[in-house]
Peer 1: 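Sharing a structure with you now.
The shown structure was predicted, so the numbers you read here are calculated from the model rather than taken from an experiment. The analysis underlying the following values was restricted to heavy atoms, covering all of them including side chains, and did not include hydrogens, waters or symmetry mates. Ligands are counted one by one from 1 in listed order, and the atoms in each one are counted from 1 as well.
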Amino acid sequence: MKRITFSLLFAIGICWGVYAQQKISAFEVDLKSKGASIAPDMWGLFFEDINFAADGGLYAEMIKNYSFEFPSPFMGWQRIQEQGAMGYHYTKPHLDESKNKKFLQMQRLNEEGVFGMSNAGFRGMAVKANANYRLTFMARIAKGENLSLKAQLAKGRNILADVNIEGLTRDWQEYEVMLTASETADQVNFKILLEGEGELDIDMISLFPEDTWKGRKRGLRKDIVQLLADMNPGFLRFPGGCIVEGFDLENRYQWKNTIGEMKDRGTMINRWNIEFAHRNAPDYFQSFGLGFFEYFQLAEDLGAEPLPILSCGLACQYNSGEIVPLDMLDEYVQDALDLIEFANGSVETAWGAKRAAMGHPEPFDLKYIGVGNENWGPQYIERADVFEKAIKSAYPEMIIVSTSGPSPDGHEFDYLWKELTARNAELIDEHYYKSPEWFLESARRYDNYDRNGPKVFAGEYAAHSTTEKDALKKNNWEAALSEAAFMTGLERNADIVRLASYAPLLAHVDGWQWAPDMIWFDNLGVYATPNYYVQKLFSTNPGTHTATITANGNTVAGEDGMYASATIDEKAKEIIFKIVNTNAEIRAFDIKFSGNVKGKNATWIELQSDQLDVAHSLKEPKKIAPEEKSVEIQKRVVKTELKPYSVNVFRVKL
Ligand code: AHR
């Protein structure tokens, strides 16, 4: 059925004359056609805390509402009072200045039964057999003697881990204990039980797997970061996305609230909590445990350039559209300047010292900074001008990313491009969430962009399958294949398109708001989509310069259902070319080289499925995965048969 849809598309293409339908029988790879340099960080990652990507996802905290700061302070928690136990649970205010405003008081009136609190995590909590889980919390005895705590992991009546905590004092102290799970289980509850009669104050009850990415305390999920690291990404854009803007100005992302000790990072509602009525997530908040320091650190771990995007003083124009008057923009501009100092300043500077205090005296070497996300209209341009002036006069080397709004065309897009071009903008962020057909038809989008104008950051894109009900916005092969075809166009135009990232990156299978997404996970596992494998093929086979691959003397972007791009890798001394076959049948080709190549074989990496509606799941995570093989080169020619619906990467030694 899907095959028919796809073939139909091309049939329609023929009628419209969109595709030059000269049959392709051979590709010619020009070995001497070294073109423009490709940005070494071209293929990167777009991270946004959407779909429980941060709390409940990448950030490995297992306790939801760990410090009782949600507006409903017991959200995520359940009172335990069983078998004759009597008592009360309250939240009370801290009296200091920290952003951690509340704590829990457990008041126990007798010694009978079981009394305490339980937490069910983020859409469940999962543990792995024999793994250690680090519990930390702050506590003090408010009243009574001989109070102690018991921490448990339990699945129903089955106790998977059990630890006693003695020695509680009358002063606030931090406690740390390890729980070891006896078996692998999901839908687990964490319980903290008070033993003895009296009152105990407790706060910041936090549980993390010991085995995080790089073993860091309060760290990131290792399995998810590993998938990111495997992509060898060139940059990491953070923290979004619309989350940058906020539904109103108060809800915008303020990086200064996300650094330092946890008690100084204020919990805030996540804008995706309420954005979509059909995907409401009333329990979606930001603890900022994954904050700007951690984003920079992650970028460094991945060998990726950090690319933060900041609010320009315009809240999401789809929501409140709140706007900061131009003469009141100072705080916003100062945030940008301070961020650059936080990332790059010496330890002698005020913000550099804060970075050093967090354990990173060396600078993070920030090169890019984004001003605004998906903003539009003259209001954006006016504000972007103010930022540009301030940033460039303090940091002339900083590359500023400007936005062209939420759509890849239309009146607002044209207006912003015109205005930004007139201002010699450096990098313009374009977003496209479009159908697979759009991606196929747009493979020449950048062929005619002005070579002397601003460069492009294809900052958010994903093909949204719309053709059948069960394929709606699925991460299926139809979407991924069309993205691959489009990406050959990005690569062919790498002189213009400097950076590109699929979006969004992460989604919890039981907590998502937006689909499709590149990587999906639950509390126990993770899987990569076919779209991930397409991205990875490009990001791990980039090349340093564009090169030329043609058929019938022309570049190939839809002709005969084929798409192609080539690059030269000067370091590896290789020519790399990518050919996408969107046809429903095998295509046999000669690939001819314009000169001598080294060796008798080419490496051939193939990503393929006969079915366009194939998608992955936690149970079936690798139906489509790259296969590497070798193909013979005879007299400067490779004879190949490209499978239907396939993405093919060839690497040949020069
Ligand atoms: O990627 C999801 C959302 O799509 C982003 O937050 C926003 O920038 C875009 O509209």
Peer 1: What residue and heavy atom of the protein are closest to atom 6 (O) of ligand 1, and at what distance?
Peer 2: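 Result for atom 6 (O) of ligand 1: E48 OE1, 2.5 Å.
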Peer 1: Working to the nearest 0.5 Å, report the span between OG of S442 and CG of D447.
Peer 2: 11.0 Å
Peer 1: Which of parallel (below 30°), tilted (30 to 60°) and perpendicular (above 60°) describes Y432 and Y461?
Peer 2: tilted
Peer 1: Taking L236 as the fixed residue, which of D301, L45, L228 is the one that meets the side chain to side chain contact (heavy atoms under 4.5 Å, CB included) rule?
Peer 2: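 Going through the options one by one, the only one that passes is L45.
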Peer 1: Look only at interatomic distance and state if W514 has a nitrogen or oxygen under 3.5 Å from any nitrogen or oxygen of ligand 1.
Peer 2: no
Peer 1: Under a heavy-atom criterion of less than 4.0 Å, does P406 contact ligand 1?
Peer 2: no
Peer 1: Does W272 approach ligand 1 within less than 4.0 angstrom via side chain, backbone, both or neither, non-hydrogen atoms only?
Peer 2: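 For W272, only side-chain atoms sit under 4.0 Å from ligand 1.
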Peer 1: Could you tell me whether K354 sits above the aromatic face of F342, with NZ or CZ closer than 6.0 angstrom to the six-membered ring centre and within 45 degrees of the axis?
Peer 2: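 Not flagged: K354 not positioned over aromatic ring of F342.
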Peer 1: Rounded to the nearest 0.5 Å, what separates atom OH in Y368 from atom CG in L427?
Peer 2: 6.5 Å
Peer 1: Do me a favour and list the nearest non-hydrogen protein atom to atom 8 (O) of ligand 1 with residue, atom name and distance?
Peer 2: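 The protein heavy atom lying closest is E460 OE2, 2.7 Å.
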Peer 1: Would you call D49 and R271 a salt bridge, using N to O less than 4.0 angstrom?
Peer 2: no
Peer 1: Quick check on the 6.0 Å ring-centre criterion: do W255 and F296 meet it?
Peer 2: no
Peer 1: Which ligand 1 atoms are under 4.0 Å away from a heavy-atom of G241?
Peer 2: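 Near G241, the atoms of ligand 1 are 5 (C), 6 (O), 8 (O).
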Peer 1: Mind checking whether A503 has an N or O less than 3.5 Å away from an N or O of ligand 1?
Peer 2: no
Peer 1: Looking only at protein heavy atoms, which one is nearest to atom 1 (O) of ligand 1, and how far off is it?
Peer 2: Y433 OH, 2.7 Å
Peer 1: Please indicate whether any nitrogen or oxygen in N373 is less than 3.5 Å from any nitrogen or oxygen in ligand 1.
Peer 2: yes
Peer 1: Below 4.0 angstrom from a heavy atom of P504, which ligand 1 atoms are there? Numbered from 1 as shown, please.
Peer 2: 1 (O), 2 (C)
Peer 1: Does R279 make a cation-pi contact with W512 (under 6.0 Å, within 45 degrees of the axis)?
Peer 2: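 Satisfied, under 6.0 Å and within 45°.
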Peer 1: Identify, by atom number and element, the atoms of ligand 1 in contact range of E374, meaning under 4.0 Å from any of its heavy atoms.
Peer 2: 7 (C), 8 (O), 9 (C), 10 (O)
